[in-house]
Amino acid sequence: MLTFTIRRLLLAIPTLLAISFIIFAILDLSPGDPTSQIPLTVPPEVREHIRTSLGLDEPFIVRYLLWLKQFFINEPLNILEEWTGYTFGDGDRLRISSWATRSPVVDLIVERLPQTLWVVGMSYVVGALIAIPIGVISAYKQYSWFDQVGTFVSMIGFSVPTFFTGLLLIVIFAVNLQWLPSIYDTTLRVTDWSSFVAQIKQMIMPTMVLALYNASQISRFMRASMLDNLNQDYVRTARAKGMKEKTVVLVHVLRNSLIPVVTVIALGVPQVFGGAIITEQIFKVNGLGQLLIIGIQGADIPLVQTLTFIFAVLIVLFNLVADILYGVLDPRIRYD
Amino acid sequence: MKDLPAGATTIPVLEVENLSTVFATQDGAVHAVNGVSFDLRPGELLGVVGESGSGKSVTMMSLLKLLPMPPARIASGSVKLGGRDILTVSDAELREVRGGKVGFVFQDPMTSLNPVFTVGYQLMEPLREHMGLSKAEARRRAAELLGLVGIPSPEKRLEDYPHQFSGGMRQRVMIAIALACDPQVLIADEPTTALDVTIQAQILDLVKELRERLGMAIVWVTHDLGVVAGIADRVMVMYGGQVVEQAGVHALFEDPRHPYTRALLETLPDMDGGRSARLRSIPGQPPVLRDVPTACPFAPRCAHAFEQCHRANPPLEPVGEGHLVSCWWDYARTGTGPEENTHA
């Protein structure tokens, strides 16, 4: 398993380099200019000066290599310095900075990560926790009313876009009933009970919108996987041994059924970090999804490049995690 | 009980009376088992033979309600284990019987064990459930059982997963699981069908030996008459979801009465025959029973069938010492069978 992990990590290096190059090339080829947001009254030679100051007069390959150096050497060293308090070298390194705000991109990300993790991450956890029991019961009582309702709701949850369910919830709970705020207040600090309640209240709607979507997906996986296993011979063996029905279903069948579901859940984790771009927009959660949208709109190429690349790293990483989980959960799979 | 073979006077451990199982399918009902009755005495090995689709396995599964219900439904009958009808007991009592008083070995050892749990875990489960053993006690007993079924270094192998065992070894594990709680009855549903011939012989020897040592009654389901000849005391031949002939193993091989039994025996390859002797088969297919049969189910394939055979389903009648047959042709030929029908 260890050699497998190391081999996969080494293989990830060329993969990620290729991905970073492709992202950089696509962004470079795409239309849009960092000076396009500047008023038209600014004369062309000043625009040219701005472009030069951003390093845009350098050839493509130089800009790419500089970005690589910044991402893989300067930023990690900077994080290390902040953690340990030591200074490496002269400590004067160029960080990847946003063209729009001039602040380091990594700092922007760190600033917005908590909101995304709280709202989107919570919705993922809630979704999985709802989905697994629903999938188990739906499969065990296949074609019962519970299964019919569950299947119908998950079809709805999966096919109705989140911007629709989001707006629907806002209309019902924020506008008509006025129970919940429609806008996520990032400045809220949880210091006492009432601010904690306020935090929960503002998290409910965005979390539920995304949880419904996630649960719909995962519960269908869970149901299908349970159905696959419920008819297996070993289930009959467990019954013939006189095991309680609860043990048969929740130990023998569930353990087998969870193998593919857990890996599907692991593969979905990068999406959590990616934030739910649309949902964050609707509820004004200033998470990573919103940051990406702002970056794209302002042609803030370093920001978009770095964010997209971090998502790619997470996807490669969680693919590996899913494979390792497979090996841990299924004794038949050995990577040696 | 009627028709006990000479010397066998003990009370049966298992009495099956008029058992019928119906499957609800999209095309209507399928009557897979129709009024099967048999009994099993302590220490006896009853062979159950018949071709695929004759209702052997469904009968055995019905005994412990192991069929998925629905679609399956036990339409009638009783299964008495030590005098208690286990078809009507509560779920909790039924679980005590399953794996406790009755052990079950299935056909395919490759899929009958749970792939994600160790063999030790799966073997310890019934021990802890039925015998209330502690973890350490169950472990000791589990190792003992693996040793009993002839698995080398049993202590170590408890930690292994099913995929680390060969097919024959897995079937030994299945037998160990079935024997875990000292059952009175062991039901083996084609336990050697999925194994190759040398392994099959080993498993047969193992069961013979275990039966002598532990003294439980065994129902051995197979479609291989050669296997039955080697181990059974008594044989029950099934066709179309019903018992067509039942006899002691010697009586059956020396004096087969039902045309189906005769045909089955004729399909056995003759070891003395020349190389050119072709394998024989019984023409036709076993029936799919949409209704409770009102005629002999074998009549369409039977060389001896006459008018009576297409009109009424023959009852299972004693025709000799411990020998029961369900065949109009045989009743007419030998002057046996039900009184009111012998004139036919």
Side-chain angles (χ1 to χ4, degrees), chain A residues 1 132 136 138-148 222 225-264 322-336, chain B residues 57 60-61 63-70 91-119 121-131 159-164 170 173-174 176-178 180-181 183 186-187 189 194:
Chain A
M1 187 77 90
I132 289 172
V136 169
S138 276
Y140 187 64
K141 304 230 178 264
Q142 196 187 5
Y143 305 133
S144 65
W145 68 266
F146 182 93
D147 182 31
Q148 308 276 11
M222 192 68 229
S225 181
M226 283 291 286
L227 285 176
D228 277 348
N229 279 287
L230 274 168
N231 295 321
Q232 295 287 321
D233 286 350
Y234 69 78
V235 181
R236 188 180 57 190
T237 306
R239 291 207 174 102
K241 286 197 292 190
M243 295 294 108
K244 291 190 187 73
E245 199 58 17
K246 211 170 92 185
T247 313
V248 172
V249 177
L250 295 183
V251 176
H252 285 264
V253 182
L254 185 61
R255 175 71 204 276
N256 278 280
S257 309
L258 275 177
I259 296 171
V261 176
V262 164
T263 52
V264 163
D323 278 347
I324 291 172
L325 275 176
Y326 238 121
V328 171
L329 292 172
D330 191 339
R332 285 165 298 183
I333 294 173
R334 284 286 172 267
Y335 297 118
D336 306 325
Chain B
S57 291
M60 295 309 138
M61 305 272 188
L63 300 183
L64 293 184
K65 293 210 229 171
L66 280 173
L67 292 165
M69 299 188 199
D91 284 355
E93 284 171 284
L94 181 64
R95 281 203 307 273
E96 282 305 305
V97 173
R98 289 172 173 178
K101 293 186 181 118
V102 179
F104 221 115
V105 180
F106 295 100
Q107 176 170 346
D108 191 352
M110 307 313 270
T111 57
S112 291
L113 290 164
N114 193 326
V116 301
F117 292 106
T118 61
V119 158
Y121 179 86
Q122 298 186 56
L123 192 44
M124 280 153 69
E125 258 187 336
L127 293 168
R128 303 197 65 188
E129 183 79 25
H130 298 302
M131 299 172 91
E159 305 301 328
D160 284 347
Y161 289 92
H163 72 273
Q164 290 162 299
R170 279 191 225 185
V173 171
M174 282 300 293
I177 290 173
C181 304
L186 176 72
I187 299 175
D189 185 7

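By convention in this document, chain letters (A, B, ...) are assigned in the order of the sequence lines, proteins followed by strands, and residues within each chain are numbered from 1.
Heavy atoms of V251(A) lying under 4.5 Å from chain B belong to its backbone as well as its side chain. For a residue to count as touching a neighbouring chain, one of its non-hydrogen atoms must lie under 4.5 Å from one of that chain's; by this rule Q122(B) touches chain A with backbone and side chain alike. At a 4.5 Å heavy-atom cutoff, the contact between M174(B) and chain A is made by side-chain atoms alone. Only the backbone of L329(A) has a heavy atom closer than 4.5 Å to any heavy atom of chain B. When heavy atoms are compared at a cutoff of 4.5 Å, L64(B) does not approach chain A at all. With a 4.5 angstrom heavy-atom cutoff, E129(B) touches chain A only via side-chain atoms.
For the set R239(A), Q232(A), H252(A), the entry with the most heavy-atom pairs within less than 4.5 Å of chain B is H252(A). For the set G100(B), P115(B), G103(B), P126(B), the entry with the most heavy-atom pairs within less than 4.5 Å of chain A is P115(B). Contact tally against chain A (heavy-atom pairs below 4.5 Å) for P68(B), S112(B), A180(B): the top residue is S112(B).
Using a 4.5 Å heavy-atom cutoff, the side chains of N114(B) and N256(A) are in contact.
Once rounded to the nearest 0.5 Å, the distance linking CG of L123(B) with NZ of K241(A) reads 8.0 Å. Residue M243(A) holds its CE atom at 5.0 Å from NE2 of H130(B), rounded to the nearest 0.5 Å. With rounding to the nearest 0.5 Å, the separation of OG1 in T111(B) from CZ in R236(A) is 7.5 Å.
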